Amino acid sequence: MAYSVTMTFTRPDDDTALPTLESINSTNKSASDTVFAENGVTKTYDIDGLVTKVIYTAEDKATYDSAKALVDDVTDETSVRTSYKNACVAANITCSIDDSEGNNISSF
């Protein structure tokens, strides 16, 4: 059964732009996207008004976890995540990260 992790970002209003990983660190974004794609994880987007969902889908949880561990080793991954989170918090953008098994992984 497919396994997914969904990051749901909610902007406070139409005037607030969602930060992009590309603007924070384009090299890291490209490297992370490549690692996920080469290891069986697809990344899709669903945008509905103020809500943007980034959905990572793999064949199963083990495939996702393996790819995620490889992404965690990408140069600057920790600092990029921190910078992205800080940019969202500064813009009053909330985020909930949930998996397809009904678990909340993180929220801010």
Side-chain angles (χ1 to χ4, degrees):
M1 185 165 111
Y3 176 80
S4 64
V5 172
T6 302
M7 301 176 75
T8 304
F9 296 93
T10 304
R11 297 179 297 131
D13 53 51
D14 286 328
D15 294 331
T16 303
L18 186 65
T20 64
L21 288 177
E22 183 76 26
S23 67
I24 291 173
N25 187 318
S26 61
T27 301
N28 172 274
K29 181 191 181 313
S30 177
S32 296
D33 286 350
T34 298
V35 169
F36 271 130
E38 289 177 349
N39 289 279
V41 178
T42 59
K43 180 179 177 182
T44 57
Y45 299 88
D46 180 19
I47 301 170
D48 184 13
L50 299 176
V51 177
T52 298
K53 293 182 180 183
V54 181
I55 307 159
Y56 296 89
T57 305
E59 179 179 323
D60 53 36
K61 187 175 185 323
T63 300
Y64 175 82
D65 288 345
S66 176
K68 175 78 169 61
L70 293 170
V71 166
D72 288 347
D73 289 336
V74 171
T75 303
D76 295 331
E77 185 67 22
T78 300
S79 65
V80 169
R81 286 184 192 163
T82 299
S83 295
Y84 190 81
K85 177 182 177 180
N86 290 342
C88 287
V89 170
N92 294 317
I93 296 169
T94 61
C95 178
S96 180
I97 305 170
D98 304 286
D99 73 7
S100 55
E101 295 177 345
N103 300 304
N104 176 259
I105 298 167
S106 182
S107 296
F108 60 84

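This is a predicted model, so every value here is computed, not measured.
Panel note: side chain Asp99, backbone Asn103; a donor-acceptor pair is recorded below 3.5 Å. For the pair Thr34 (side chain) and Ser30 (backbone), a donor-acceptor distance under 3.5 Å is present. Formation of a donor-acceptor pair under 3.5 Å by the Thr82 side chain with backbone atoms of Thr78 is found in this model.
Rounding to the nearest 0.5 Å gives a distance of 11.5 Å between OG1 of Thr42 and CG of Asp33. In this structure, the separation between NZ on Lys43 and CD1 on Ile55 is 11.5 Å, given to the nearest 0.5 Å. Atom OG of Ser100 and atom OH of Tyr64 lie 10.5 Å apart (nearest 0.5 Å). To the nearest 0.5 Å, the span separating NZ on Lys61 from NZ on Lys68 amounts to 10.5 Å.
Heavy-atom neighbours of Asp48 CG from other residues, nucleotides or ligands within 6.0 Å: at or below the threshold of 12.
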Evaluate Thr94 against Ser107 for side-chain contact (heavy atoms from CB on, under 4.5 Å), listing each step before the verdict. CA-CA 8 Å; Thr94 61; Ser107 296; over 6 Å; no
Run the side-chain contact (heavy atoms from CB on, under 4.5 Å) test on Val71 and Phe36 for me, step by step, so that the C-alpha distance in whole Å, both residues' side-chain angles and the decisive distance to 0.1 Å come before the verdict. CA-CA 7 Å; Val71 166; Phe36 271 130; 3.7 Å; yes
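Checked for salt-bridge contact, Asp72 and Arg81 meet the test: a charged N lies under 4.0 Å from a carboxylate O.
Neither Tyr56 nor Met1 shares a network with the other; the hydrophobic side chains, linked directly or stepwise wherever heavy atoms of I, L, V, M, F, W or Y lie under 4.5 Å apart, form separate groups for each. A chain of hydrophobic side-chain contacts below 4.5 Å, direct or via other Ile, Leu, Val, Met, Phe, Trp or Tyr residues, connects Leu70 to Ile105. Under the 4.5 Å side-chain heavy-atom criterion for grouping Ile, Leu, Val, Met, Phe, Trp and Tyr, Val5 is connected to Tyr45 within one hydrophobic cluster.
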Return all side-chain donor-acceptor pairs below 3.5 angstrom for residues 6-19, not counting sequence neighbours, or 'none' if the list is empty.
from, atom 1, to, atom 2, distance (Å)
Arg11, NH1, Thr16, O, 2.7
Arg11, NH2, Gly49, O, 3.1
Asp13, OD1, Asp15, N, 3.0
Asp13, OD1, Thr16, N, 3.0
Asp13, OD1, Thr16, OG1, 2.8

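Nearest heavy atoms, Val89 versus Phe108: CG2-CD1, 3.8 Å. In terms of heavy atoms, Thr63 sits closest to Asn39 at CG2-O, 3.5 Å. Closest heavy-atom contact between Val35 and Ala67: CG1-O, 4.1 Å.
There is no side-chain donor-acceptor pair under 3.5 Å between Asn86 and Ser83.
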